[in-house]
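Everything quoted here is computed from the prediction, not taken from an experiment. Counting convention: from 1, in listed order, for ligands and their atoms alike. Quick note: numbers below take in every heavy atom, side chains included, and nothing from hydrogens, waters or symmetry partners.
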Amino acid sequence: MLDSLVAGALEDASVRRAARSLADVESAALARPAALDVLAHLAPADRVKIIAEVKRSSPSRGALAEIPDPAALAVAYETGGASTISVLTEGRKFGGSLADLEAVRAAVKLPVLRKDFVAEAYQVLEARAAGADLVLLIVAALEQPLLTELYGLITELGMTALVETHSADELERAIDLGARLIGVNARNLSTFELDQNLFGTLADRIPSGVIRVAESAVKTPADVAHYRAAGADVVLIGEALVTGDPVATLTEFLGS
Ligand SMILES: O=P(O)(O)OC[C@@H](O)[C@@H](O)c1c[nH]c2ccccc12
């Protein structure tokens, strides 16, 4: 499944590239105001921080919410105390777009993450051109040389990479890159199985000084507390926020 998600994302990127050249996107990327200091926004603190996700649907869960106005949802996330906004820009299975990201960027002061299946430089440049401050890199989807190249480009553009892992081996590869922001996704993107305890089994291997992000499988304040107790600095939440009242849910989660 992960392979087909990546293949679909690359196909869609090649359609966009036929309409807008890499050189064009590159100059738009360089013309943007500098990316925000994501590591400062997500730095470990007395209480857990939340990356709140704009997510319409997913291959494992189907349709979640219509989200006619992603910018309004992002403003609600900001009001509710989120530290960063994640925008799913994958169109086929997640119903997102780069236009969603641009709209969110224009509406909030917080850092914005491009959440997609990024596997080539063009997608990184598009992210910056749309105003992203962070880009997700999924270790399972990328051989180490490509992962290293994309990580380098993200950094060169002044952005931050959220490097996503799902095993001890993948975590080693993320650490080898020098990643400063590492996520452990409870969801296996090939089988869609959830393992909420995976974060806890890997957290100790994440070097100090690296920000630890627990991704997926948060439904209740107890789930946030579970990840926090296991060492999470940051929790990334989608479904529970788009299907409930975003401000009330965030307030409740941040109280835990
Ligand atoms: O809706 P949830 O279970 O709160 O999960 C959010 C986020 O972790 C999930 O959307 C996600 C994590 N990594 C990804 C990679 C691609 C697409 C989606 C994701």
Side-chain angles (χ1 to χ4, degrees), residues 1-10 12 42 48-65 67 70 73-74 77 80 82-97 100-101 112-119 123 127 132 134-142 147 150 161-167 170-171 174 179 181-199 202 212-224 226-227 232 234-244 246 249-250 252-253 256:
M1 188 64 196
L2 180 55
D3 287 352
S4 70
L5 288 165
V6 174
L10 284 174
D12 291 346
L42 295 178
V48 73
K49 293 185 176 177
I50 291 180
I51 302 177
E53 186 156 281
V54 176
K55 184 178 192 180
R56 289 199 180 84
S57 54
S58 76
S60 59
R61 307 279 297 140
L64 297 170
I67 317 182
L73 178 60
Y77 287 162
S83 294
T84 288
I85 311 296
S86 167
V87 182
L88 265 157
T89 57
E90 198 276 351
R92 298 181 180 211
K93 297 287 183 185
F94 293 86
S97 68
D100 287 352
L101 192 145
V112 178
L113 166 70
R114 179 178 192 186
K115 185 71 112 53
D116 207 320
F117 298 87
V118 168
Q123 295 166 297
L134 299 105
V135 176
L136 183 79
L137 290 178
I138 302 169
V139 172
L142 303 164
L147 181 63
L150 296 173
L162 170 56
V163 183
E164 177 174 306
T165 66
H166 187 73
S167 69
E170 290 176 16
L171 182 55
L181 183 65
I182 295 183
V184 175
N185 192 0
R187 184 172 285 108
N188 178 321
L189 290 171
S190 298
T191 62
F192 297 139
E193 268 166 51
L194 277 176
D195 177 3
Q196 209 199 37
N197 291 317
L198 184 65
F199 177 84
L202 296 180
R212 305 166 183 196
V213 185
E215 304 177 50
S216 307
V218 168
K219 293 266 194 302
T220 68
D223 296 327
V224 178
H226 168 88
Y227 277 143
V234 180
V235 177
L236 197 159
I237 308 172
E239 180 173 341
L241 298 177
V242 299
T243 55
T249 308
L250 275 170
E252 200 188 359
F253 285 180
S256 61

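With hydrogens left out, the protein atom closest to atom 4 (O) of ligand 1 is Gly238 N, 2.7 Å, a heavy atom. When only non-hydrogen protein atoms are considered, atom 8 (O) of ligand 1 lies nearest to Ser216 OG, 2.7 Å. Lys115 NZ, 3.4 Å is the protein heavy atom nearest to atom 14 (C) of ligand 1. Among all non-hydrogen protein atoms, the one lying nearest atom 17 (C) of ligand 1 is Phe94 CZ, 3.5 Å.
When each atom of ligand 1 is checked for a heavy atom of Glu164 under 4.0 Å away, the hits are 12 (C), 13 (N), 14 (C), 15 (C). Ligand 1 places these atoms under 4.0 Å from at least one heavy atom of Ile237: 4 (O). Under a 4.0 Å criterion applied to the non-hydrogen atoms of Glu215, ligand 1 contributes the atoms 8 (O), 12 (C), 13 (N). Per-residue contacts place Phe117 under 4.0 angstrom from the following atoms of ligand 1 (heavy atoms of the residue considered): 16 (C), 17 (C). The atoms of ligand 1 that sit less than 4.0 Å from any heavy atom of Glu53 are 6 (C), 7 (C), 9 (C), 10 (O). Against a heavy-atom cut-off of under 4.0 Å, Leu236 is close to the following atoms of ligand 1: 6 (C), 7 (C), 8 (O). For ligand 1 and Asn185, the ligand atoms under 4.0 Å from any heavy atom of the residue are 12 (C), 13 (N), 14 (C). Near Lys55, meaning under 4.0 Å from any of its heavy atoms, are these atoms of ligand 1: 1 (O), 2 (P), 5 (O), 6 (C), 9 (C), 10 (O).
Across all non-hydrogen atoms, the minimal contact from Thr249 to Ala240 is CG2-O, 4.0 Å. Listed here is the closest heavy atom pair of Ala127 and Val135: CB-CG2, 3.8 Å. Here the closest heavy-atom approach between residue Ala174 and residue Val139 is recorded as CB-CG2, 4.4 Å.
Contact annotation: Arg187 has at least one heavy atom less than 4.0 Å from an atom of ligand 1.
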Take Glu170 and Val184 through the test side chain to side chain contact (heavy atoms under 4.5 Å, CB included) and record every step on the way to the result.
CA-CA 10 Å; Glu170 290 176 16; Val184 175; over 6 Å; no
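Between the side chain of Arg114 and the backbone N or O of Ala132, no donor-acceptor pair lies under 3.5 Å. Formation of a donor-acceptor pair under 3.5 Å by the Thr165 side chain with backbone atoms of Gly183 is found in this model.
The residue among Leu2, Asp116, Leu136 with a heavy atom at the shortest distance from atom 15 (C) of ligand 1 is Leu136. When Ser58, Ala217, Pro59 are checked for heavy-atom proximity to atom 3 (O) of ligand 1, Ala217 turns out nearest.
In this structure, Arg212 and Phe199 have side chains that are in contact, with non-hydrogen atoms separated by less than 4.5 Å. Put simply, the side chain of Leu113 reaches to within 4.5 Å of the side chain of Leu236, judged on heavy atoms. Inter-residue side-chain proximity for Arg187 and Glu215 is flagged as unmet; no heavy-atom pair is nearer than 4.5 Å.
Ring pair Phe117/Phe94 is tilted by interplanar angle, where 30° to 60° counts as tilted.
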